[in-house]
Amino acid sequence: MKHPQTEMSKNVSGLWRLWHATPLYLRIIVAVGLGLVFGVAIGDRAAALAIPSKLVLRLLGALAPPLILLAIVQALMRAQIQGRQTARLISLLLINTVVAIVIGLLVANIVRPGAWAGDAHPPAATAKMSAPAVDPLSQFLDNVPKSIAGPFSDDGKVMGVIFLAVALGVAMRRVRHHEIRTVDDLVHVGLSTLIVILYWVIDVVPFAVFGSVASIVGVKGFSAFLALGGFVLAVVVALLAQTVYYLLRIRFGSWVSPIAVLSGVRDALVMAFSTGSSTATMPLTYACLRENVGLREQSASLGALVGSNFNNDGTALYEAMSALFVSQLIGGNLTIEQQLMIVLTSIAASVGAAGIPEAGLVTMTMVFNAVGLPTDYIALLLTVDWLLDRCRTAINVMGDVTVSCLLDGAEPETAAHDDLIIE
Ligand code: ASP
């Protein structure tokens with residue numbers, strides 16, 4: 001006779017495998033669909049379903065500061081560039097990122113997708129949800145640390161420390177045999193551990209999406225989704241405008257023709273879109289630049305390998321537009337000073353965003369906090385992030401490609417010019 005418990009654990013592990021075998025974007029699409037159905041079916045009562053999204057956002061927010069810190073430390077520590085090249089690289093990266101953010105803010109100011117929802121301020125549903133939740137669930141939520149350092153502060157909770165210890169302990173099992181001989185090793189282990197935890201959180205994002213869609217639709221109806229459609233459209237338009245800017249820069253700032261670049265790096269762009277990770281795409285970007293476009297070794301490696309760690313124009317543009325979108329959605333208008341603040345924090349957040357899927361969503365909490373926007377509203381963006389993440393990743397890679405071409409200068413490589421690399 002079959003043991004019922006063994007049967008059950010088999011079913012559970014089967015379901016677990018199915019969950020993992022299904023691509024994240026499919027899980028999110030299903031979650032959006034179920035969320036819509038539940039929201040319509042149970043109406044106001046769906047408000048409480050926003051709890052998982054609050055939980056996921058809190059976890060993402062807790063991971064943001066150390067991730068940013070270690071990512072920047074690691075990138076700086078590993079970069080092998082000096083003097084004039086460094087200055088040129090930094091100025092190119094900065095100019096491109098500022099242009100990306102300005103394009104994003106311009107499009108968001110013109111299209112005003114946040115206002116498409118009319119008078120309804122849908123994510124208020126998310127805010128409302130804390131009211132009915134004076135129960136064990138909300139107590140549990142209170143014990144999930146808001147930041148990694150939180151549990152160690154004066155009013156830190158012991159439960160929070162245990163939470164953190166379990167997460168770190170389990171995540172570090174994978175790297176426990178890693179030898180630590182240099183500081184580089186130490187930072188690498190720290191960053192890999194945080195990335196393991198980040199992927200766990202991302203794994204449960206579909207539950208958050210389900211809960212937030214259901215609670216928004218249930219409480220406020222569909223107007224938020226109209227606005228969200230406008231937002232997706234506005235982001236895509238802005239990313240396309242950024243691409244045009246890149247192609248013009250390449251046309252007038254390097255020897256390569258924009259068409260040749262696009263066709264030479266298309267594999268890297270497709271890979272970026274399909275993986276949502278500019279870091280995973282990095283080796284391919286480099287190979288395309290060397291073999292298909294014919295850039296010099298040094299320009300390709302500076303732009304695509306070194307610069308790539310700091311250069312996330314697509315992410316910067318997206319974070320700035322998201323902040324503006326949410327402020328429009330809640331009926332507020334950001335002042336010029338606040339928009340300037342968005343520019344500055346988006347630059348920092350995009351530099352700190354690791355080149356992995358959804359990393360921009362994690363660092364976005366920084367931008368929202370800087371201008372006092374409620375981070376609850378990021379839950380709404382979760383529903384479309386699976387698509388927009390892919391688009392901005394492709395632009396991140398296109399940014400690296402552009403910097404490499406510009407570094408390569410006005411003359412193609414010839415034997416005589418081999419060592420005359422940066423103009
Ligand atoms: N997925 C992006 C990348 O790998 C980062 C982001 O989430 O914006 O470049």
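FYI, side chains are in, hydrogens and waters are out, and symmetry mates aren't considered; it's all heavy atoms of this structure. Numbering of ligands and ligand atoms starts at 1, following listing order.
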- [ ] Check whether any side-chain N or O of S277 sits under 3.5 Å from a backbone N or O of G355 as a donor-acceptor pair, and report yes or no.
- [x] yes
Open item on the list: Out of all atoms in ligand 1, which are within 4.0 Å of some heavy atom of S277? Include the element for each.
Closed with: 4 (O)
Open item on the list: So for A353, does at least one of its heavy atoms come nearer than 4.0 angstrom to any atom of ligand 1?
Closed with: no
Task: Short side-chain to backbone donor-acceptor contact, N96 and G399, under 3.5 Å - done: no
Open item on the list: How far is atom 7 (O) of ligand 1 from the closest protein heavy atom, and which atom is that?
Closed with: G360 N, 2.7 Å
TODO: Among all protein heavy atoms, pick out the one at the shortest distance from atom 5 (C) of ligand 1; state its residue, atom name and that distance to 0.1 Å.
DONE: I356 O, 3.6 Å
Task: Ligand-residue contact atoms, ligand 1 with D389, heavy atoms, under 4.0 Å - done: 1 (N), 2 (C), 6 (C), 7 (O)
Open item on the list: Using a 6.0 Å cut-off, check whether atom OH of Y286 has over 12 heavy atoms from anything other than its own residue.
Closed with: yes
Open item on the list: If we set the cut-off at 4.0 Å for heavy atoms, which region of E358 has an atom near ligand 1: side chain, backbone, both, or neither?
Closed with: backbone
Task: A359, any N or O under 3.5 Å of ligand 1 N or O - done: yes
Task: Region of S278 engaging ligand 1 - heavy atom pairs below 4.0 Å - done: both
Task: Euclidean distance, W386 CH2 relative to I28 CD1, rounded to 0.5 Å - done: 8.0 Å
TODO: Identify, for atom 2 (C) of ligand 1, the protein heavy atom at the shortest distance, and state residue, atom and that distance.
DONE: T393 OG1, 3.2 Å
Open item on the list: Distance check, rounded to the nearest 0.5 Å: I202 atom CD1 versus L59 atom CG?
Closed with: 11.5 Å
Task: Interatomic distance, L34 atom CG to R27 atom CZ [nearest 0.5 angstrom] - done: 14.0 Å
Open item on the list: As an exercise, identify every atom of ligand 1 less than 4.0 angstrom from a heavy atom of T315.
Closed with: 5 (C), 6 (C), 8 (O)
Task: Inter-residue atom distance F231.CZ - L380.CG, 0.5 Å rounding - done: 9.0 Å
